[in-house]
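Both ligands and their constituent atoms are indexed starting at 1 by order of listing.
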Amino acid sequence: MILKDELAKCATHVDNALEALLRGAVTPSKQLCDAMLYGTIGSGKKLRPWLVLESSRLLGAERENALQCAMAVECVHAYSLIHDDLPAMDDDDMRRGKPTTHIKFDEATAILAGDSLLTLAFELLSSDKTHKDAHIRTSLITALARAAGGAGMVGGQMLDISASSESFDLQKTIDMQGLKTGKLIEFSCAAGSILANSSPEDTARLTQYGHAIGLAFQVTDDLLDAEGCEEQTGKRAGKDKDKGKSTYIDFLGVEGARDKAKNLIEDAKSCLEPYGEEAEGLRQTADYILTRNN
Ligand code: GRG
């Protein structure tokens, strides 16, 4: 299996499904629909949908069910990026190599596009296309709400905003990143086990894998922010430093941060041992997180 090709195939597949979904979404406003499409499809690695599809395949969930869940998680991710880029938050004008949604449209449209994507995610999960068993649908809705809300991504974002005025130590930084970036990645990995109604052991292993790659993803994001170039990452480099935010590099140095990411990736891969060759996709994904350049 060549991960790069599989990720590219997944991105096209999810983009096509999201485009059909968003073009068919019920809204009287073409501007809102255009902004939702702009912030969601055509760019972005679609890493979270890939994790949903691959964890689902590993544990035997139906592909069509997994695709619904993959679209839901990407809608939440796209909303978080659109809102994160707003002047009241990170105030960025470039994302994924193109102007951010509020620059392309306007601030009100960007806020509303994010709001609509967030609510659409839960509509998707509540559909019987996601699973015929209502208990499983409810479990997915609860898990995504917890991952995305005040106890998860939004809570982490709030801590991150306060980090600019307080000083964060390494542990506080890890906790904040675990919520802001980690929880949605963790959900994406656990989603396959929820869809497949797997054993608690499988769910724990996939959640632990997701937790470790989520933290490693943030460490590599800090490395890219410090060292990457805008052409590769599609966003302005060095912005964390400019904003006085603490990153892993401040505490560990560049080499220490690289070692931290390597250890996390080893931890992640150890969670996959019971699955043998079948887990090769997730194993390669963990390695990719370490070596990614965007
Ligand atoms: C505004 C509620 C709210 C939350 C924002 C996730 C987040 C919370 C902000 C994003 C800030 C950021 C750049 C965090 C670093 C890690 C991260 C989530 C990077 C973007 O994810 P990728 O690289 O993006 O998977 P693509 O564009 O490939 O989808």
Using a strict 4.0 Å cut-off to heavy atoms of [X], name the atoms of ligand 1 that fall inside it.
X: Y79; result: 2 (C)
X: K180; result: 6 (C), 8 (C), 11 (C), 14 (C)
X: S80; result: 1 (C), 4 (C), 5 (C), 6 (C)
X: Q218; result: 15 (C), 16 (C)
X: R96; result: 26 (P), 27 (O), 29 (O)

Worksheet item: Side chain of N65, backbone of E62: donor and acceptor closer than 3.5 Å?
Response: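 No; zero donor-acceptor contacts below 3.5 Å.
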Worksheet entry | Donor-acceptor contact below 3.5 Å, side chain R283 vs main chain G276 |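 Present.
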Practice prompt. Could you establish whether T181 and ligand 1 come within less than 4.0 Å of each other, counting only heavy atoms on the residue side?
Written response: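 Contact check T181 vs ligand 1: positive.
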Item to complete: Please verify whether a non-hydrogen atom of R48 lies at under 4.0 Å from ligand 1.
Response: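 Right, R48 reaches ligand 1.
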Distance-only criterion, 3.5 Å: show the donor-acceptor pairs between side-chain atoms of residues 8-23 and protein atoms not counting sequence neighbours.
{"residue": "K9", "atom": "NZ", "partner": "E6", "partner atom": "OE2", "Å": "3.3"}
{"residue": "T12", "atom": "OG1", "partner": "A8", "partner atom": "O", "Å": "3.0"}
{"residue": "D15", "atom": "OD1", "partner": "K46", "partner atom": "NZ", "Å": "3.2"}
{"residue": "D15", "atom": "OD2", "partner": "G42", "partner atom": "N", "Å": "2.9"}
{"residue": "N16", "atom": "ND2", "partner": "T12", "partner atom": "O", "Å": "3.4"}
{"residue": "E19", "atom": "OE2", "partner": "R23", "partner atom": "NE", "Å": "2.9"}
{"residue": "E19", "atom": "OE2", "partner": "R23", "partner atom": "NH2", "Å": "2.9"}

Worksheet item: Of K269, K4, K262, which is the lone residue that meets salt bridge (Lys or Arg N to Asp or Glu O under 4.0 Å) with D287?
Response: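 So, applying the salt bridge (Lys or Arg N to Asp or Glu O under 4.0 Å) to D287 and each of K269, K4, K262, only K269 qualifies.
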Worksheet item: Do any pairs count as a ring pair (Phe, Tyr, Trp, His ring centres under 6.0 Å) and have a residue in residues 51-92, sequence neighbours left out, and if so which ones?
Response: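 Counting only pairs at least two positions apart or across chains, the ring pair (Phe, Tyr, Trp, His ring centres under 6.0 Å) contacts touching residues 51-92 are Y79-H83.
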